[in-house]
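Since the structure comes first, as structure tokens, the remarks are kept for the end.
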Amino acid sequence: MRSPLSMIVAFSRLWFVSVTATPVPQNLDNDFQIQSSTNFITGMQLTEEMKGNFSEIGKALIIQSFPWDKQDPTLYEGDIKHFGDKNAILSNSYRWPNAKIPYEISNAYTPDQRTVIAFAMNEYHKYTCIQLVPRTSETNYIRILKSGTGCNSWIGMINRGAQDLSLDDGCVSRDYPGIVLHELMHAAGFFHEHTRPDRDSFVRIDFNNIILKYQFNFNKTTASEVTTLGLPYDYDSVLHYGKNAFAIDTTRPTIIPIPNENINLGSNVKFTWLDLLKLNTLYCTQIG
């Protein structure tokens, strides 16, 4: 029997298109290293936790919204660290070489939180060719830490040394591990599903119910800025906002699915098959 990864990779080759337009932050400040968190103390790598029993993680099926009230309000699209204009990438320099993402992790996480983060990494290892590996001497790597700014990440490898991936306490739970999957997917190179260029054919944004200072988080990208990889819109993606994100009146949705308003949006538990297809299309058909 073929493994889940081999089947996903094989299918992704049918969909593969030129991957040249997934944005990465441009015009980074020269003070980037100063802007990175300076209180980072490296903890033990997750080697032992990766061997653990993950059977109870994500099983509660608790509907938990993204902790928007804990987010830094200056973040792009709510949880993305971003500088300058979005530009079409004409090379693959934003992709992590050989589908390997080196990481260091802060010593601030509890044993339970470490297990949840290890579970998320293991999902990448099981279903994609992407490997999150303990950093040795790599120049470019992610630092997983509690920054006090909520849950957020840079997009792709920004090629400026250590880049912080923030997972504060509200971001790491065995009941909704999809938030960790979400931020790691940003780090792999993806923006949100609800901002893709064709989103207006699939959802309607009620800007009248969005807190004014957060309305920019719903700006739609253009086809010259990002690529959909030729893949269908994914209502359930771990990278899709929930229906009430940044709502003034939380009893009313800010994102309304078309044509069926009862469609659920976003997952805070697990990848969808389209999430995996995106990751494998971007990385696993042309490793290097």
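Computed from heavy atoms alone, side chains included, the values below leave out hydrogens, waters and symmetry copies.
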Minimal non-hydrogen separation, Pro102 against Glu138, with atom names = CG-CG, 3.7 Å
Can you check whether Leu46 reaches Tyr103 side chain to side chain, under 4.5 Å on heavy atoms?
-> yes
Please lay out, stage by stage, how His182 and His192 fare under the test side chain to side chain contact (heavy atoms under 4.5 Å, CB included).
-> CA-CA 9 Å; His182 178 120; His192 293 113; 3.2 Å; yes
Hphob cluster co-occupancy, Ile210 + Ile258, side-chain heavy atoms under 4.5 angstrom = no
Are Met50 and Ile117 connected in the hydrophobic side-chain network, where two residues link if heavy atoms are under 4.5 Å apart?
-> yes
Between the main-chain N or O of Trp96 and the side-chain N or O of Tyr283, is there a donor-acceptor pair closer than 3.5 Å?
-> yes
Value rounded to 0.5 Å, distance of CD in Glu48 from OG1 in Thr115 = 11.0 Å
Roughly how far, to the nearest 0.5 Å, is CG of Asn244 from CG of Asp249?
-> 9.0 Å
Sub-3.5 Å donor-acceptor pair from the side chain of Asn268 to the main-chain atoms of Tyr176, do we have one?
-> no
Taking the side chain as every heavy atom from C-beta outward, state whether Leu167 and Leu145 have any pair of such atoms under 4.5 Å apart.
-> no
Quick one: sort the Phe119 and Phe54 rings into parallel, tilted or perpendicular, breaks at 30° and 60°.
-> perpendicular
Sequence neighbours left out, what passes ring pair (Phe, Tyr, Trp, His ring centres under 6.0 Å) with Tyr233? Give chain and number order.
-> Phe202, Tyr235, His240
To the nearest 0.5 Å, atom CD1 of Ile57 lies from atom NZ of Lys270 at 14.5 Å
Does the pair Asp164/Arg143 count as a salt bridge with the N-to-O cut at 4.0 Å?
-> yes
Interatomic distance, Ser173 atom OG to Ile179 atom CD1 [nearest 0.5 angstrom] | 8.0 Å
Answer yes or no: is there a donor N or O on one side and an acceptor on the other, between the side chain of Thr227 and the main chain of Ala223, under 3.5 Å?
-> no
Pair Gln131-Ile101, side chain to side chain contact (heavy atoms under 4.5 Å, CB included): steps then yes or no = CA-CA 6 Å; Gln131 297 287 303; Ile101 304 178; over 6 Å; no
The reported gap from OG in Ser147 to CG in Leu165 (rounded to nearest 0.5 angstrom) is 9.5 Å
Between Phe207 and Phe218, does a side chain to side chain contact (heavy atoms under 4.5 Å, CB included) hold up when you go through it step by step?
-> CA-CA 8 Å; Phe207 283 94; Phe218 294 81; 3.8 Å; yes
Give the intermediate values and the outcome of side chain to side chain contact (heavy atoms under 4.5 Å, CB included) for residues Phe246 and Asn209.
-> CA-CA 8 Å; Phe246 296 111; Asn209 191 37; over 6 Å; no
Is there a path from Ile248 to Leu265 through hydrophobic residues (I, L, V, M, F, W, Y) whose side chains come within less than 4.5 Å of each other?
-> yes
Could you grab the distance from atom OG of Ser153 to atom CD1 of Ile144, nearest 0.5 Å is fine?
-> 9.5 Å
Would you mind reporting whether Phe191 and Arg196 have side-chain heavy atoms less than 4.5 Å apart?
-> no
Kindly give the heavy-atom pair with the smallest separation between Tyr127 and Leu276, and that separation in Å.
-> CB-CD2, 3.5 Å
Not counting sequence neighbours, which residues clear salt bridge (Lys or Arg N to Asp or Glu O under 4.0 Å) with Asp112? List them please.
-> Arg174
Do Thr272 and Asp234 get their side chains close enough for a donor-acceptor pair, meaning under 3.5 Å?
-> yes
For Asn219 and Phe216, indicate whether the former's side chain and the latter's backbone hold a donor-acceptor pair under 3.5 Å.
-> yes
What pair of heavy atoms forms the shortest contact from Ile158 to Gln163, and how long is it?
-> N-OE1, 3.1 Å
Gln113 side chain to Thr110 main-chain N or O, any donor-acceptor pair under 3.5 Å?
-> yes
In the single-linkage hydrophobic clustering (I, L, V, M, F, W, Y; side-chain heavy atoms under 4.5 Å), do Val133 and Val180 co-cluster?
-> no
Between Met185 and Val238, the two heavy atoms sitting closest are SD-CG2, 3.9 Å
Check whether any side-chain heavy atom of Ile255 lies under 4.5 Å from a side-chain heavy atom of Ile205, and answer yes or no.
-> yes
For Ala245, does its backbone N or O pair with a side-chain atom of Tyr214 as donor and acceptor, under 3.5 Å?
-> no
Is there a donor-acceptor pair closer than 3.5 Å between any side-chain N or O of Lys146 and the backbone N or O of Ala108?
-> yes
Shortest non-hydrogen contact between Val203 and Pro257, atoms and distance | CG1-CA, 4.1 Å
Quick one: does Asp236's side chain have a donor or acceptor within less than 3.5 Å of a partner on Gly266's backbone?
-> no
Please answer: with hydrophobic residues joined when any side-chain heavy atoms are less than 4.5 Å apart, are Leu274 and Leu229 in the same cluster?
-> yes
Within the side chain of Asn107, is there an N or O that forms a donor-acceptor pair under 3.5 Å with the backbone of Met44?
-> no
For the residue pair Lys243 and Thr254, establish whether any side-chain heavy-atom pair is separated by less than 4.5 Å.
-> no
Side chains of Asp168 and Cys151: does their closest heavy-atom pair fall under 4.5 Å?
-> no
Side chain to side chain, Tyr94 and Met157, heavy atoms closer than 4.5 Å | no
Ile130 and His125 have their tightest heavy-atom pair at O-CD2, 3.4 Å
What residues form a salt bridge (Lys or Arg N to Asp or Glu O under 4.0 Å) with Glu49, not counting sequence neighbours?
-> Arg114
Can you find a pair of side-chain heavy atoms, one from Lys278 and one from Ser237, that are under 4.5 Å apart?
-> yes
